[in-house]
Amino acid sequence: MTTHIAEMAMRPSWRDFWALTKPRVVAMLMVTAVVGMVLAPHEWLSAWQYTAAIIGLWAGMASAAVINQFADQQYDAMMARTQSRPLVKGRVTATMALTWAGFLAAASMILLTVWVNPLTAWLTALGMVGYAGIYTRYLKHASPQNIVIGGLSGALPPLLGWAAVTGQMSAEAWLLVLLIFVWTPPHFWALAIHRRDEYANAGIPMLPVTHGIELTKSLVWYYTILLLLVSLLPYLIGMMGLVYLVMAIVFGLGFMREAWRLRYHDKEGQAMKTFGFSIVYLLGVFGGLLLDRMISVALA
């Protein structure tokens, strides 16, 4: 009877498989992908094509997230932030996780290749390999510049959304990629400062571990300045209007304020406040892109 209860307790639920996909992270990435779709100049597609694009992109990102947890389970077990993940707790076996990842990857490639376009399928596959393979398996454990170099794979979603509805990789789409690429280091380094000891115990060479917290604080501050400058480019090239410009400046200055406090007036919890605002920043700026386009269409 006791054995039966134990087996029932370890049987995975749909929530465990859902948790493997890192739903909050993927949801944020999907926001940027959908904004890329909306901003891209294109003729209206069928409802099914938009649906196939969204599901296909989500499945590809989710597959990479599952593989990331599979590859990192031994390190996740050492960190408080990740100790409750399904693979670490044994609620899902490695075989189950890989099968789930394979199903998601296959679904993504089929949907995107057949009903969207091959370019989007190949770019999504490149993103999966970059995140789950190059970043997770190598860069994350090889260099303190892991976030900087590996950030490109996480910055691709706007380009994927753009390519899904146009079949092209335009310069404007790459500019959105650049925005996320520059945002990624201060976003992750702020978290790494807070979790510095955990990363050290797990043997992961994050920048605060290898070069110290003070240098990392300075780089977070410098990157927020660079990020504000990069965020002005969509307006300066005529891609976006005044609504976007105002929101980019407001959220950019807000991010700089938090980074300034982290560097010069650090108090307990400031690193996580900076990390939290970095998420608000990204959603605010991409919300500004979307709002600006909606207003311009309404006034046209």
Just so I know, are the side chains of [X] and [Y] near enough to count as touching, which here means a heavy-atom distance under 4.5 Å?
X: T82; Y: V88; result: no
X: Y131; Y: L156; result: no
X: L291; Y: Y244; result: no
X: S231; Y: L228; result: yes
X: Y135; Y: I147; result: yes
X: L104; Y: W58; result: yes
X: W122; Y: T113; result: no
X: L39; Y: M240; result: yes

With a sphere of 6.0 Å drawn around CH2 of W44, does it hold more than 12 non-hydrogen atoms of other residues, nucleotides or ligands?
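Result for CH2/W44: open.
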Flag if over 12 foreign heavy atoms under 6.0 Å of CZ, F277:
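More than 12 heavy atoms, drawn from other residues, nucleotides or ligands, come within 6.0 Å of this atom.
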Roughly how far, to the nearest 0.5 Å, is the [atom2] atom of [Y] from the [atom1] atom of [X]?
X: I67; Y: L98; atom1: CD1; atom2: CG; answer: 7.5 Å
X: K22; Y: N68; atom1: NZ; atom2: CG; answer: 3.5 Å
X: Q73; Y: M78; atom1: CD; atom2: CE; answer: 11.5 Å
X: Q83; Y: K89; atom1: CD; atom2: NZ; answer: 7.0 Å
X: W162; Y: L176; atom1: CH2; atom2: CG; answer: 6.5 Å
X: M169; Y: L123; atom1: CE; atom2: CG; answer: 5.5 Å

[X] and [Y]: same hydrophobic cluster, using ILVMFWY side-chain contacts below 4.5 Å?
X: L245; Y: V250; result: no
X: F103; Y: I110; result: no
X: M79; Y: M272; result: yes
X: M239; Y: V246; result: no
X: L215; Y: F275; result: yes

Using only atom types and a distance under 3.5 Å, with no angle test, would you say the side chain of [X] pairs donor to acceptor with the backbone of [Y]?
X: T99; Y: T95; answer: yes
X: T21; Y: A62; answer: no
X: N201; Y: E198; answer: no
X: D72; Y: Y75; answer: no
X: S170; Y: E172; answer: no
X: S108; Y: L57; answer: no
X: Q49; Y: S46; answer: yes

What is the ring orientation for [X] with [Y], classed by angle as parallel under 30°, tilted 30 to 60°, or perpendicular over 60°?
X: Y264; Y: W221; result: perpendicular
X: H187; Y: W183; result: parallel
X: Y223; Y: W189; result: perpendicular

Non-hydrogen atoms of [X] and [Y] that approach each other most closely:
X: A33; Y: M61; answer: CB-CE, 4.2 Å
X: D266; Y: K217; answer: OD2-NZ, 2.7 Å
X: V66; Y: A97; answer: CG1-O, 3.3 Å
X: A163; Y: L119; answer: CB-CD2, 4.2 Å
X: V220; Y: A259; answer: CG1-CB, 4.0 Å
X: V209; Y: A200; answer: CG2-N, 3.8 Å

Hey, mind stepping through T124 and M109 against side-chain contact (heavy atoms from CB on, under 4.5 Å) and telling me if it holds?
CA-CA 8 Å; T124 302; M109 291 301 99; 4.1 Å; yes
Would you say the side-chain atoms of E214 and S218 include a donor-acceptor pair closer than 3.5 Å?
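Distance-only check fails for E214 and S218.
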Give me the one residue out of L152, V182, T32 that meets side chain to side chain contact (heavy atoms under 4.5 Å, CB included) with V177.
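Only one of L152, V182, T32 forms a side chain to side chain contact (heavy atoms under 4.5 Å, CB included) with V177, namely L152.
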If we check side chain to side chain contact (heavy atoms under 4.5 Å, CB included) with L219, which of these qualifies: T224, L207, V148?
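Of all the options given, the one that passes is L207.
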Do M256 and Y281 pass the side-chain contact (heavy atoms from CB on, under 4.5 Å) test, and can you show the C-alpha distance, the side-chain angles, and the key distance before you say yes or no?
CA-CA 10 Å; M256 288 176 60; Y281 169 86; over 6 Å; no
Please determine whether side-chain contact (heavy atoms from CB on, under 4.5 Å) holds for the pair L232 and I249, giving the CA-CA distance in whole Å, both sets of side-chain angles, and the decisive distance to 0.1 Å.
CA-CA 8 Å; L232 301 180; I249 292 175; 3.9 Å; yes
For V280 and F255, run side-chain contact (heavy atoms from CB on, under 4.5 Å): C-alpha distance rounded to whole Å, both residues' side-chain angles, the deciding distance at 0.1 Å, then the answer.
CA-CA 9 Å; V280 173; F255 198 1; over 6 Å; no
